[in-house]
Amino acid sequence: MANSSGLLKLGTLVIFVSMLIMSFSHGGQAQISCDTVDNDLLPCLSFVLNGGKVAPACCSGIKTLLSLAKTQTDRQSVCSCLKSVAQSATNGQLKNAAQIPHLCGVNVPFQISRNIDCSKVK
């Protein structure tokens with residue numbers, strides 16, 4: 001049960017980051033796996049689950065993902081990873097995840113949502 005709860009929370013975080021990445025670059029083949037997304041966003045998990053203060057490592061992880069997601073295909077892959085995790089996240093976890101871009105000083109031009117159409121991510 002603790003493992004399922006932890007995975008759910010990590011998933012919410014991954015959704016947030018996926019949305020960020022989707023807003024950048026164009027074209028190419030996916031180079032970013034869900035494992036990469038999970039690992040880069042792991043420092044954000046505590047905030048997604050509990051709120052409070054965003055760890056500097058969380059913002060660094062998001063910035064790393066954004067720098068890796070150079071193509072549209074990369075951003076769509078990240079989106080898909082995050083969307084799959086978001087399906088089991090609570091509304092509160094999604095709300096916390098949605099705050100991270102602002103708190104990290106990153107602009108995300110779309111709403112973080114379980115219903116995102118990743119195929120439309122540019």
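All residue numbers in this chain count up from 1 along the given sequence. Side-chain atoms are counted along with the backbone in the values below, which use heavy atoms only and exclude waters and symmetry mates.
Here the straight-line distance linking atom CG of N115 with atom NZ of K83 works out to 6.5 Å at 0.5 Å rounding. Annotation: the span from L65 atom CG to N39 atom CG amounts to 9.5 Å, rounded to 0.5 Å.
When every heavy atom of Q72 is checked against every heavy atom of V121, the shortest pair comes out as NE2-O, 2.9 Å. The minimum heavy-atom distance between F47 and Q99, with the atom names listed, is CZ-OE1, 3.8 Å. In terms of heavy atoms, A55 sits closest to P43 at CB-O, 4.1 Å. Summarising the geometry of Q76 relative to K120, their closest heavy-atom pair is NE2-N, 4.5 Å, with the distance given to 0.1 Å.
In this structure, the side chain of Q87 does not engage the main chain of S84 through any donor-acceptor pair within 3.5 Å.
Each of C34, C118, S119 was checked for a side chain to side chain contact (heavy atoms under 4.5 Å, CB included) with S80, and the lone residue meeting it is C118.
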Test side-chain contact (heavy atoms from CB on, under 4.5 Å) applied to V54 and C44, step by step: CA-CA 7 Å; V54 175; C44 302; 5.5 Å; no
Residue pair D40, L68: steps toward the side-chain contact (heavy atoms from CB on, under 4.5 Å) verdict: CA-CA 11 Å; D40 285 346; L68 293 174; 3.8 Å; yes
Worked verdict on L42 versus L45 for side-chain contact (heavy atoms from CB on, under 4.5 Å): CA-CA 5 Å; L42 185 59; L45 184 57; 4.1 Å; yes
Full working for side-chain contact (heavy atoms from CB on, under 4.5 Å) between V48 and I100: CA-CA 9 Å; V48 170; I100 295 173; 3.8 Å; yes
Residues C104, C58; criterion disulfide bond (SG atoms under 2.5 Å apart); working and verdict: CA-CA 8 Å; C104 290; C58 171; 4.6 Å; no
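By the side chain to side chain donor-acceptor pair (under 3.5 Å) test, N91 is found to be paired with R114, residues two or more places apart in sequence or in another chain being considered. The side chain to side chain donor-acceptor pair (under 3.5 Å) test applied to T64 returns no partner, not counting sequence neighbours.
When side chains are defined from C-beta on, T36 counts as touching S33, because their heavy atoms get closer than 4.5 Å.
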